[in-house]
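Reading through the structure tokens given below for one structure.
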Amino acid sequence: MVSHKQSFSSKFLFLAASFVLVMFTKNANSAPFDEAGNEGEMEDGAAWTMVQKSGNQFVLNGQPFYVNGFNTYWLMVFAADQSTRGKVTEVFQQASAVGLSVCRTWAFNDGQWRALQKTPAVYDEEVFKALDFVVSEAKKFKIRLILSLVNNWEAYGGKSQYVKWGKAAGLNLTSDDDFFSHPTLKSYYKAHVKAVLNRVNTFTNMTYKDDPTIFGWELMNEPRCESDPSGDKLQAWIEEMAVYVKTIDPKHLVQIGLEGFYGPSTPNKAQINPNSYAQQVGTDFIRNHQVLGVDFASAHIYPDSWISQEISDAHIGFTKTWMQAHIDDAENYLNMPVVFSEFGVSAKDPGYNSTFRDALISTVYTILLNSTKKGGAGGGSLLWQVFPEGTDYMDDGYAIVLSKALSTSNIVSLHSKRLNTYNSLCSWKCHWGCKKKHVLDNFQLHEEL
């Protein structure tokens, strides 16, 4: 860090504070945020570049890139039907208006209704075109996508569908967890990975593996291998598949998709888990992420599922401890960013109210901002989940319709502005380093503007 004279520092901080005040007085519903954190039209060409990783931070055009994002898993399915395709545009538009910059969604639907993959390596071209639309539409609103490649659960097919396909082909399979170890089932998965990564988008004519609109690939949504609590079977699968993805696409980031449970390799951390069962599901947060080809870590936050459905202050306390432990481990052991890629609370929980939801979201954002101020490994978070109006029949209890939830929308927008201001301050390249703690402290003093 280069030393500055006191007079220069004072002038610079005054200018920075003025910049922050201008940022806050802008209308939250104005044009989408650009990559540097400013508001305006998206630049074309070289400006739309790949998100990369440098140490424990994401970087974009050489500068830190902290993420405020969301989940909407059903985008491809809705895009496959002209009567619902407009909802894809709506959710991107509404998310962009509050500064959300990354969306996580499914790039799979195996053997189910409106399936992408009808049978192993056999695709419905119209559904693939729907995924093409999702990718092209995301770029219009300057939103990047984390694309998940298969489900642990039965919804949208998942590993159980792969096992069904294997049994239909005459394989002797006894468990859905054979997905992780049987050579034929692994070949099915690899074929799907290859098909998606090498897909040429029919709207943009760009190959997925070359498209900066894709933030990164997720190997699996919430992988678990309960038949092997040691974690060895899942570990071997992660090691094989992370490298396989990278052999096809070395440009994009890769994450596993874990919920973040601590496993047998770190018995001293078992007490951080929400319950004793979490250590028996075959996942291992630190060991799993110490794998060649994995670029960033993930963890989910569901105290209402993991601790108790009844809403209580204990959920907030758990969230603080859970997040800080994973941020510390990402810094001290993994040297990579960690994204809290699902978090939320269900309106169906006993004792639920929107005030508690806002408190949970604010807690997540505060912990991440504290990490951001230090240039730390808290890479970002993705709300589960953002829906547009008229999609209530898809609601699992966690849906947030921003246009109907003003207080929540304001919290999301404020956090986006904080993070984007940090990212833009770092882009000034002022030679005093990218840990703008004092500027961000000043920023928070004006949070009510």
Side-chain angles (χ1 to χ4, degrees), residues 51 53 56-58 65-75 91 95 100-108 138 143-153 155-156 214-224 238 242 245 252-262 274 278 281 283-286 288-289 291 294-306 318-319 322-327 329-330 334 336-346 360-361 363-365 367-368 371-372 376-387 396 398-400 412 415-416 419:
V51 176
K53 180 189 86 86
N56 62 21
Q57 291 181 317
F58 296 119
F65 181 65
Y66 287 91
V67 171
N68 193 20
F70 65 104
N71 290 269
T72 306
Y73 67 89
W74 43 252
L75 295 175
V91 76
L100 294 170
S101 59
V102 175
C103 172
R104 176 172 169 263
T105 193
W106 298 167
F108 62 82
I143 289 173
R144 298 172 191 272
L145 300 174
I146 295 175
L147 295 181
S148 188
L149 294 165
V150 73
N151 207 356
N152 181 74
W153 314 108
Y156 287 65
I214 296 169
F215 182 98
W217 304 108
E218 180 177 275
L219 298 182
M220 188 177 205
N221 173 50
E222 299 187 334
R224 293 185 182 186
I238 293 168
V245 171
H252 281 104
L253 302 173
V254 172
Q255 71 159 341
I256 301 165
L258 294 172
E259 296 160 279
F261 302 135
Y262 291 97
V281 298
T283 66
D284 198 322
F285 178 75
I286 291 178
N288 293 159
H289 284 114
V291 167
V294 174
D295 298 299
F296 66 101
S298 69
H300 296 177
I301 310 171
Y302 287 118
D304 60 343
S305 294
W306 298 342
F318 167 80
T319 297
W322 179 253
M323 289 185 68
Q324 195 58 56
H326 286 77
I327 292 171
D329 290 338
L334 302 176
M336 61 174 58
V338 58
V339 174
F340 296 92
S341 52
E342 289 187 23
F343 75 99
V345 59
S346 174
L360 178 68
I361 294 171
T363 297
V364 171
Y365 287 169
I367 293 168
L368 285 169
S371 177
T372 301
S381 61
L382 309 174
L383 272 170
W384 184 274
Q385 52 186 323
V386 173
F387 280 15
D396 59 354
Y398 291 83
I400 299 171
V412 173
H415 186 60
S416 296
L419 293 186

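Since the structure is predicted, the reported quantities are computational estimates derived from the model, not experimental observations. In what follows, every heavy atom counts, from backbone to side chain, and hydrogens, waters and symmetry copies are set aside. In this chain, residues are counted from 1 in sequence order.
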Determine, using ring centers only, whether H415 and Y66 are less than 6.0 Å apart. no

Let's go through I146 and N71 carefully: what are the C-alpha distance in whole Å and the side-chain angles of both, what is the deciding distance for side-chain contact (heavy atoms from CB on, under 4.5 Å) to 0.1 Å, and is it a yes or a no? CA-CA 9 Å; I146 295 175; N71 290 269; over 6 Å; no

Distance from L360 atom CG to Y365 atom OH, nearest 0.5 Å? 10.0 Å

Decide side-chain contact (heavy atoms from CB on, under 4.5 Å) for I143 and L100; before the verdict, give the C-alpha distance in whole Å, the side-chain angles of both, and the deciding distance to 0.1 Å. CA-CA 7 Å; I143 289 173; L100 294 170; 5.6 Å; no

Between CG on residue D329 and CD1 on residue I286, distance to nearest 0.5 Å: 4.0 Å

Residue among W306, F285, Y302 satisfying ring pair (Phe, Tyr, Trp, His ring centres under 6.0 Å) with W322: W306

I need the minimum non-hydrogen distance between G376 and Q57, along with the two atoms involved. O-CG, 4.1 Å

Would you check, one step at a time, whether the test side-chain contact (heavy atoms from CB on, under 4.5 Å) holds for H289 with L258? CA-CA 9 Å; H289 284 114; L258 294 172; 3.5 Å; yes

Main chain of V412, side chain of N68: is a donor-acceptor contact present, judged purely on distance under 3.5 Å? yes

Does some side-chain heavy atom of V150 sit less than 4.5 Å from a side-chain heavy atom of N221? no

What's the spacing between I327 CD1 and N56 CG if we round to 0.5 Å? 10.5 Å

By side chain to side chain donor-acceptor pair (under 3.5 Å) - contacts of Q385 (at least two apart): D396

Can you classify the ring geometry of F65 versus F215 as parallel (below 30°), tilted (30 to 60°) or perpendicular (above 60°)? tilted

Which residue is it: F70, F343, Y73? I am looking for the one with a ring pair (Phe, Tyr, Trp, His ring centres under 6.0 Å) to W384. Y73

What heavy-atom pair brings Q324 and I367 nearest, and what distance separates the two atoms? OE1-CG2, 4.0 Å

Heavy-atom pair with the smallest gap, counting every atom of A377 and A330: CB-CB, 3.7 Å

For side-chain contact (heavy atoms from CB on, under 4.5 Å), just list the numbers for I400 and I361, CA-CA rounded to whole Å, side-chain angles, deciding distance to a tenth of an Å, and then say yes or no. CA-CA 12 Å; I400 299 171; I361 294 171; 4.2 Å; yes

Closest heavy-atom pair and its distance - T72, V91: OG1-CG2, 3.8 Å

Distance col, row I256:CD1 vs N288:CG, nearest 0.5 angstrom, shows 5.0 Å

For a quick test of reading the model, state the closest non-hydrogen atom pair linking A299 to H326 and the distance between them. CB-CD2, 3.9 Å

State the CD-CZ distance between Q255 and R104, to the nearest 0.5 angstrom. 6.5 Å

Non-hydrogen side-chain atoms of L149 and F108 separated by less than 4.5 Å: no

Please walk me through it: do Y398 and D304 pass side-chain hydrogen bond (donor to acceptor under 3.5 Å, both in side chains)? CA-CA 11 Å; Y398 291 83; D304 60 343; 3.0 Å; yes

Measuring from L383:CG to S341:OG, what's the distance to the nearest 0.5 Å? 12.0 Å

Which heavy-atom pair separates T372 from G378 by the least distance, and what is that distance? OG1-O, 4.4 Å

